[in-house]
> 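Below are the structure tokens for one structure; questions will follow.
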Amino acid sequence: MTTLATTGSGSGSAAGDTLSRDALAVLQPGFDGTTAPDWVRRRIGEGLASVALFGRNVVSEEQVTALTGELRAERDDLLVAIDEESGDVTRLDVRTGSSFPGNHALGAVDDPALTRGVARELGRRLAACGVNFDWAPSADVNANPDNPVIGVRSFGADTDLVARHTAAWVEGLQSTGVAACTKHFPGHGDTNVDSHHAVPRIDVDVKTLYERELPPFRAAIEAGTRAVMSAHILVPALDPDRPGTLSRRILTDLLRGELGYRGLIVTDGMEMRAIAGTYGLEQGVVLAIAAGADAICVGGGLNDEGTVLGLRDALVSAVRSGELAEERLADAAARVRELARWTAGARDGAGAVAPEPEIGLVAARRALTLTRSGGPLAPVTEPVHVARFSPAPNIAVGDETPWGVAAELERLLPGSTAGTYGGPDAGRAALAAAAGRRVVAVVRDEHRHDWMGSALDALLAARPDTVVVEMGVPQAPPRGALHLATHGAARVCGVAAAEAVVAG
């Protein structure tokens with residue numbers, strides 16, 4: 001582990017200490033454990049202004065409240081960030097599934113007042129736990145239905161719809177004193193590569209970008225979003241050389257210059273392969289700050305003290321070598337501290353927000369789309385076999401969070417059974433396990449997985465009375481005696497679907 005010298009090049013210890021504090025201030029690191037580690041507390045005292053919580057840090061809301069209390073004992077205005085989109089990407093409900101439907105479900109309902117209310121209730125819960133900065137909402141227009149990483153995280157494929165719901169979500173969340181972070185600028189919706197693994201490329205012209213991708217970000221800015229998150233995507237029409245996170249043309253010239261944005265710019269996770277695997281983590285962080293980013297998200301994978309110290313030292317060294325302007329680092333740190341002050345003031349001024357604990361289930365029920373074939377379906381009253389055809393989860397969603405309808409159907413129809421299937425024999429395996437029972441087949445993005453479509457073919461050929469529940473983007477034609485599109489895999493979406501299966 002390298003240690004930071006506090007003097008050098010005639011800077012003097014005071015200047016060195018300022019550089020060190022500014023370098024720590026721009027980092028938003030994660031950590032292991034469900035209590036505050038000593039090294040995090042120590043670095044907060046040395047200038048760290050933000051920390052990030054991930055699923056591994058969450059057991060219950062009471063535990064998170066205690067954890068944020070421990071952290072704030074070191075700094076009252078500390079930014080505590082979380083990647084809580086609701087829906088498929090949840091950290092607060094990582095062990096149970098989200099109490100709120102995600103963006104695609106809200107877009108399917110298309111009631112901005114409902115979206116605002118869902119975000120407000122989510123914000124109330126986050127604020128009650130001491131979390132004051134949410135890396136959400138996604139403002140990406142899901143222009144590519146084969147997108148492997150956005151999908152139901154988007155409000156939809158229509159730019160105007162995405163724009164109005166992005167604004168409503170920002171307004172609802174921030175009414176509780178929790179800062180919103182609109183992502184992934186300049187728009188991650190038209191990609192067929194997951195930036196967790198490689199650099200996605202969007203080859204569209206400038207006119208398409210301005211008309212399709214940017215309006216939701218304009219709407220978020222007008223709604224007062226306190227932060228915007230950059231995307232690790234290459235957009236040659238804007239910058240042929242650097243992905244958005246490392247592009248001065250995109251972050252400074254476009255976002256700040258043309259769009260007039262004045263808030264905090266946060267990077268997407270810097271250990272993602274699109275950056276760390278191409279530029280290296282430390283160099284990528286220096287390039288991001290130089291391009292106009294103000295805060296560095298790191299900690300989804302690398303969450304140790306050595307990573308934090310290495311990035312701090314890399315930033316200080318870059319300033320001392322002239323690679324990074326000292327003024328740029330100071331400006332970035334000042335924006336982080338400014339947001340921290342806003343959250344502290346907003347927390348004190350927000351007052352009590354009336355809880356709406358049922359709004360998530362209400363929204364999930366409204367988002368449900370039912371398609372029947374062959375006339376009315378008799379209510380399902382006997383135990384069923386739930387066959388979940390599960391694709392590999394993307395990293396943003398993770399594999400910790402349960403999803404589907406099995407638990408609720410087992411409650412509503414005691415004696416029901418369930419299994420998870422995959423691969424070329426998935427349909428036959430599910431039929432065998434059903435042992436003559438009616439099958440409820442649960443899929444996620446059937447249109448993106450040929451094996452999943454084949455499994456449904458086999459099921460429906462043998463059991464035309466099969467009920468199909470699509471919990472991803474409902475792009476494939478509806479089929480089955482009853483087809484339910486939930487527009488997401490949140491826990492409440494599964495509850496709403498199970499209710500509909502039993503109702504018939």
> Got a salt bridge between Arg125 and Glu61, using NZ or NE/NH1/NH2 to carboxylate O under 4.0 Å?
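Looking at Glu61 together with Arg125, the answer is yes, because their closest N to O distance falls below 4.0 Å.
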
> Could you check whether His232 and Asp268, counting side-chain N and O atoms only, form a donor-acceptor pair closer than 3.5 Å?
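The criterion, which ignores hydrogens and geometry beyond distance, is not satisfied for His232 and Asp268.
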
> Indicate yes or no for a side-chain donor-acceptor contact from Asp304 to the backbone of Thr307 under 3.5 Å, with no hydrogens or angles considered.
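Flag set: sc Asp304 to bb Thr307 pair under 3.5 Å.
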
> Do Ile150 and His184 come within less than 4.5 Å of each other through their side chains, counting heavy atoms only?
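Yes - at least one pair of side-chain heavy atoms lies under 4.5 Å apart.
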
> Does a side-chain N-to-carboxylate-O contact under 4.0 Å join Lys207 and Asp205?
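Result for this pair is no, no salt bridge flagged.
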
> Does any N or O in the side chain of Thr417 come within less than 3.5 Å of the main-chain N or O of His385, such that one atom is a donor and the other an acceptor?
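Looks like no, no N/O pair under 3.5 Å.
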
> Taking Glu84's backbone N and O only, do any of them form a donor-acceptor pair with Asp134's side chain (distance below 3.5 Å, no angle check)?
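Looks like yes, one N/O pair under 3.5 Å.
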
> So which atom in Val235 and which in Pro186 form the shortest heavy-atom distance, rounded to 0.1 Å?
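Answer, listing the atom of Val235 first, then Pro186: CG2-CG, 4.0 Å.
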
> For the residue pair Cys181 and Trp135, establish whether any side-chain heavy-atom pair is separated by less than 4.5 Å.
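Heavy-atom side-chain distance check passes, below 4.5 Å.
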
> Measuring only between side-chain heavy atoms, which start at C-beta, is Ile275 closer than 4.5 Å to Leu281?
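Result no, sub-4.5 Å side-chain heavy-atom pair not found.
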
> Can we say Arg116 and Glu171 salt-bridge, meaning some charged N sits less than 4.0 Å from an Asp/Glu carboxylate O?
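A salt bridge is present here (some side-chain N lies under 4.0 Å from a carboxylate O).
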
> Can you check salt bridge (charged side-chain N to carboxylate O under 4.0 Å, His left out) on Glu499 and Arg365, steps first, answer last?
CA-CA 9 Å; Glu499 292 173 346; Arg365 288 168 175 158; 2.8 Å; yes

> Can you classify the ring geometry of Trp451 versus His449 as parallel (below 30°), tilted (30 to 60°) or perpendicular (above 60°)?
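Because their plane-to-plane angle lies in the 30° to 60° range, the rings of Trp451 and His449 count as tilted.
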
> Let me confirm one number: the CG-CG distance from Leu484 to Leu368, rounded to the nearest 0.5 Å.
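The CG atom of Leu484 sits 5.5 Å away from the CG atom of Leu368.
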
> Report yes or no: do Arg444 and Ser390 form a side-chain donor-acceptor pair below 3.5 Å?
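Side chains of Arg444 and Ser390: no pair found under 3.5 Å.
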
> If you look at every heavy atom in Phe31 and Pro37, which pair is closest and at what distance?
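Closest heavy-atom pair between Phe31 and Pro37: CD1-CD, 3.5 Å.
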
> Could you measure the distance from the OG1 atom of Thr34 to the CG atom of Leu53? Nearest 0.5 Å is fine.
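So the gap between those two atoms works out to 11.0 Å.
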
> Please check if the side chain of Asp425 supplies one atom and the backbone of Arg428 the other of a donor-acceptor pair under 3.5 Å.
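No; zero donor-acceptor contacts below 3.5 Å.
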
> Mind listing the closest non-hydrogen atom pair of Asp110 and Pro112 along with its distance?
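Taking Asp110 first and Pro112 second, the nearest heavy atoms are O-CD, 3.7 Å.
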
> Side chain to side chain contact (heavy atoms under 4.5 Å, CB included) for Val439 and Val467? Distances and angles first, verdict last.
CA-CA 6 Å; Val439 177; Val467 175; over 6 Å; no

> Going by the angle between their ring planes, with limits at 30° and 60°, are Tyr421 and Phe389 parallel, tilted or perpendicular?
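Correct class here is tilted.
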
> Between the side chains of Thr267 and Thr245, does any donor sit under 3.5 Å from an acceptor?
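On atom types as modelled, these side chains do not qualify, holding no pair under 3.5 Å.
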
> Kindly indicate whether the side chain of Val118, heavy atoms from C-beta on, has any atom under 4.5 Å from the side chain of Glu356.
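The answer is no; the side chains never approach within 4.5 Å.
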
> Do Arg91 and Asp83 sit within salt-bridge range, that is, some charged N less than 4.0 Å from a carboxylate O?
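Yes, Arg91 and Asp83 are salt-bridged.
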
> Going from CG on Asn57 to CG on Asn303, what distance comes out if it is rounded to the nearest 0.5 angstrom?
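One gets 8.0 Å once the value is rounded to the nearest 0.5 Å.
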
> Is the closest side-chain donor-acceptor distance between Glu85 and Thr90 under 3.5 Å?
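No, no side-chain donor-acceptor contact under 3.5 Å.
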
> Under 3.5 Å, side chain of Tyr261 to main-chain N/O of Ala227, donor-acceptor pair present?
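A pair under 3.5 Å: yes.
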
> Going by heavy atoms in the side chains, are Arg120 and Leu173 under 4.5 Å from each other?
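Side chain of Arg120 against side chain of Leu173, heavy atoms only: no contact under 4.5 Å found.
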
> List the atom of Ser99, the atom of Arg491, and the distance in Å for their closest heavy-atom pair.
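Scanning both residues, the minimum pair turns out to be OG-NH2, 3.2 Å.
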
> Whether the side chain of Glu121 engages the backbone of Gly117 through a donor-acceptor N/O pair (distance < 3.5 Å, no angle test) should be reported.
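Checking the backbone N and O of Gly117 against the side chain of Glu121, no donor-acceptor pair under 3.5 Å is found.
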
> Would you indicate whether the side-chain heavy atoms of Phe217 and Thr166 approach each other to under 4.5 Å?
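No; the side chains remain at least 4.5 Å from each other.
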
> Can a side-chain donor-acceptor contact be found between Asp140 and Ser154 if the only test is distance below 3.5 angstrom?
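Side-chain D/A pair, Ser154 to Asp140: absent.
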
> Side chain to side chain donor-acceptor pair (under 3.5 Å) between Thr182 and Thr225: does it pass, once the steps are laid out?
CA-CA 7 Å; Thr182 305; Thr225 187; 3.0 Å; yes

> Are any of the side-chain heavy atoms of Ser373 and Arg479 separated by less than 4.5 Å?
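In short, these two side chains do not touch, never coming nearer than 4.5 Å.
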
> Tell me whether Arg95 is salt-bridged to Glu400, with the criterion being a basic N under 4.0 Å from an acidic carboxylate O.
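A salt bridge is absent here (no side-chain N lies under 4.0 Å from a carboxylate O).
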
> Any chance CG of Asp203 has more than 12 other-residue heavy atoms, nucleotides or ligands included, within less than 6.0 Å?
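Yes, enclosed.
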
> Does a donor on one side chain sit under 3.5 Å from an acceptor on the other, for Asn103 and His487?
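Short answer, no.
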
> Return yes if some donor-acceptor pair links the side-chain N/O of Thr159 with the main-chain N/O of Arg212 below 3.5 Å, else return no.
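Judged by distance alone, yes, a pair lies under 3.5 Å.
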
> Any donor and acceptor pair, going by atom type alone, linking the side chain of Ser454 with main-chain N or O of Asp450 inside 3.5 Å?
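Answer holds: yes.
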
> To check you understand the geometry: which heavy-atom pair defines the closest contact between Pro216 and Ala139, and what is its length?
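Taking every non-hydrogen atom into account, CB-O, 3.4 Å.
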
> Go through Leu339 and Leu79 one step at a time and tell me if the side chain to side chain contact (heavy atoms under 4.5 Å, CB included) criterion holds.
CA-CA 8 Å; Leu339 180 60; Leu79 287 173; 4.1 Å; yes

> Could you walk me through whether Phe155 and Trp169 satisfy the side chain to side chain contact (heavy atoms under 4.5 Å, CB included) test, starting with their C-alpha distance in whole Å, then the side-chain angles of each, then the deciding distance to 0.1 Å, before giving a yes or no?
CA-CA 11 Å; Phe155 289 110; Trp169 211 97; 3.8 Å; yes

> Supply the atom-to-atom distance Arg366 CZ to Ile359 CD1, rounded to the nearest 0.5 angstrom.
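Rounded to the nearest 0.5 Å, the CZ-CD1 separation comes to 9.5 Å.
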
> If you measure from CZ on Phe100 to CG on Asp93, what distance do you get to the nearest 0.5 Å?
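If we round to the nearest 0.5 Å, Phe100:CZ and Asp93:CG are 7.0 Å apart.
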
> Donor-acceptor pair, Asp88 side chain versus Ala489 backbone, under 3.5 Å?
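Judged by distance alone, yes, a pair lies under 3.5 Å.
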
> Is there a side-chain contact between Glu446 and Glu470, using heavy atoms and a 4.5 Å cut-off?
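Heavy-atom side-chain distance check passes, below 4.5 Å.
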
> Restricting to non-hydrogen atoms, name the atom on Ser230 and the atom on Leu251 that form the minimum distance, rounded to 0.1 Å.
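In terms of heavy atoms, the two residues are closest at CB-CD2, 3.9 Å.
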
> Calculate, to the nearest 0.5 Å, the distance between atoms CG and CG belonging to Leu214 and Leu254 respectively.
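Leu214 atom CG to Leu254 atom CG measures 5.5 Å (nearest 0.5 Å).
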
> Given the rule in the side chain to side chain contact (heavy atoms under 4.5 Å, CB included) test, do His104 and Val473 qualify, once you have shown the distances and angles that lead to the verdict?
CA-CA 8 Å; His104 206 60; Val473 177; 4.1 Å; yes

> Counting only N and O atoms by type, is there a donor-acceptor contact under 3.5 Å from the side chain of Asn132 to the main-chain atoms of Val80?
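Answer holds: yes.
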
